[in-house]
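In this chain, numbering begins with 1 at the start of the sequence shown.
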Amino acid sequence: MGRDTINDLMNSIRNANMDKKRTVRIAYTNITENIVKKLLREGFIENVRKHQENNKYFLVSTLRHRRNRKGTYRTILKRISRPGLRIYSNHQRIPRILGGMGIIILSTSRGIMTDREARLEGIGGEILYYIW
């Protein structure tokens, strides 16, 4: 049975965010690198760098904390598609999160994309996460 690297990535970010930690260390794979780049471009992560330790690569990300009205730091990550139940959508039925304020991470035939990119290119795919 293989590991779910996408879930490990999001759990690491979620746990570091709840503990108000600035940095998080993530196991490096091509998929995790692409997802972290999308989060960096969307503003959920401030910085990311590749780090090697004992012939293994890691991504070290610096998180950006956002304050809500109650003064606590909060970024919500919700897993949609999982190994036991895959959820797919075409480009016309990709949902909008908070009226476009949140993002959706999709795995498409052209790689990892956000919901806006997939709608612009007119392709659908597997809905991985909602982030707001």
Side-chain angles (χ1 to χ4, degrees):
M1 186 171 195
R3 290 183 51 180
D4 189 5
T5 57
I6 299 171
N7 201 30
D8 291 344
L9 162 74
M10 289 301 171
N11 282 335
S12 298
I13 292 173
R14 183 183 298 126
N15 290 338
N17 194 20
M18 286 172 41
D19 283 346
K20 298 179 184 123
K21 294 190 177 187
R22 291 290 292 166
T23 60
V24 62
R25 196 170 110 169
I26 302 160
Y28 176 82
T29 62
N30 289 334
I31 293 173
T32 57
E33 181 184 28
N34 291 333
I35 291 173
V36 167
K37 283 181 182 178
K38 296 296 178 188
L39 293 175
L40 177 67
R41 198 173 69 219
E42 292 292 327
F44 291 99
I45 294 176
E46 284 184 14
N47 190 10
V48 64
R49 62 186 164 88
K50 195 174 178 181
H51 180 70
Q52 183 180 6
E53 190 174 296
N54 298 332
N55 294 329
K56 291 186 180 180
Y57 287 99
F58 297 97
L59 295 173
V60 179
S61 300
T62 305
L63 300 179
R64 174 172 288 153
H65 293 293
R66 299 177 183 206
R67 289 187 152 217
N68 65 7
R69 292 181 188 158
K70 296 178 184 175
T72 58
Y73 296 99
R74 194 73 183 203
T75 299
I76 298 174
L77 307 158
K78 184 175 180 184
R79 178 82 189 252
I80 303 302
S81 186
R82 51 192 171 87
L85 179 64
R86 304 286 185 183
I87 306 295
Y88 296 95
S89 177
N90 62 13
H91 74 280
Q92 297 165 340
R93 293 188 180 209
I94 297 173
R96 294 188 192 278
I97 303 302
L98 295 176
M101 296 295 289
I103 64 169
I104 298 173
I105 301 292
L106 293 141
S107 176
T108 67
S109 59
R110 296 185 192 161
I112 303 293
M113 291 185 172
T114 63
D115 56 337
R116 292 180 202 108
E117 294 171 342
R119 281 190 202 98
L120 281 174
E121 294 196 21
I123 57 174
E126 181 182 354
I127 298 175
L128 299 176
Y129 275 92
Y130 294 161
I131 304 170
W132 70 90

- Message: Do Ile87 and Trp132 land in one hydrophobic cluster if side-chain heavy atoms of ILVMFWY residues count as linked below 4.5 Å?
- Response: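 Yes, same cluster.
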Check residues 92-106 and write down every donor-acceptor pair under 3.5 Å in which the side-chain atom is one partner and the other belongs to a residue at least two apart or another chain.
none

- Task: Please name all residues satisfying side chain to side chain contact (heavy atoms under 4.5 Å, CB included) with Ser12, sequence neighbours left out, ordered by chain then number.
- Result: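 So Ser12 forms a side chain to side chain contact (heavy atoms under 4.5 Å, CB included) with Val24.
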Out of curiosity, [X] [atom1] to [Y] [atom2], how far, rounded to the nearest 0.5 Å?
{"X": "Asn47", "Y": "Arg49", "atom1": "CG", "atom2": "CZ", "result": "7.5 Å"}
{"X": "Ile6", "Y": "Leu9", "atom1": "CD1", "atom2": "CG", "result": "8.0 Å"}
{"X": "Arg64", "Y": "Arg22", "atom1": "CZ", "atom2": "CZ", "result": "8.5 Å"}
{"X": "Ser89", "Y": "Ile80", "atom1": "OG", "atom2": "CD1", "result": "11.5 Å"}

- Task: Give me the other members of the hydrophobic cluster that Met113 sits in, counting Ile, Leu, Val, Met, Phe, Trp and Tyr linked by side-chain heavy atoms under 4.5 Å, directly or via other members.
- Result: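 Members besides Met113, by chain and number: Ile123.
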- Report yes or no: do Asn17 and Arg14 form a side-chain donor-acceptor pair below 3.5 Å?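 Result is no, nothing qualifies.
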- Where at least one partner belongs to residues 118-132, residue pairs that pass salt bridge (charged side-chain N to carboxylate O under 4.0 Å, His left out), sequence neighbours excluded: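 Sorted result for residues 118-132: Arg86-Glu126, Arg110-Glu121, Asp115-Arg119.
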- Got a sec, which pairs hit side chain to side chain donor-acceptor pair (under 3.5 Å) with one end in residues 100-109, sequence neighbours left out?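 Every pair satisfying side chain to side chain donor-acceptor pair (under 3.5 Å) with a residue in residues 100-109: there are none.
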Is the closest side-chain heavy-atom distance between [X] and [Y] below 4.5 Å?
{"X": "Asp4", "Y": "Arg79", "value": "yes"}
{"X": "Leu39", "Y": "Met10", "value": "yes"}
{"X": "Thr5", "Y": "Tyr28", "value": "no"}

- Message: Could you walk me through whether Leu128 and Ile112 satisfy the side-chain contact (heavy atoms from CB on, under 4.5 Å) test, starting with their C-alpha distance in whole Å, then the side-chain angles of each, then the deciding distance to 0.1 Å, before giving a yes or no?
- Response: CA-CA 10 Å; Leu128 299 176; Ile112 303 293; 4.1 Å; yes
Pairs of donor and acceptor atoms involving the side chains of residues 50-62, under 3.5 Å and at least two apart or interchain, shall be tabulated with distances.
none

- Do any N or O atoms from the side chain of Thr32 and from the backbone of Ala27 form a donor-acceptor pair under 3.5 angstrom?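 It does hold such a pair.
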- Item | Candidate pair Tyr129 and Asn7, rule side-chain contact (heavy atoms from CB on, under 4.5 Å), full reasoning | CA-CA 10 Å; Tyr129 275 92; Asn7 201 30; 3.1 Å; yes
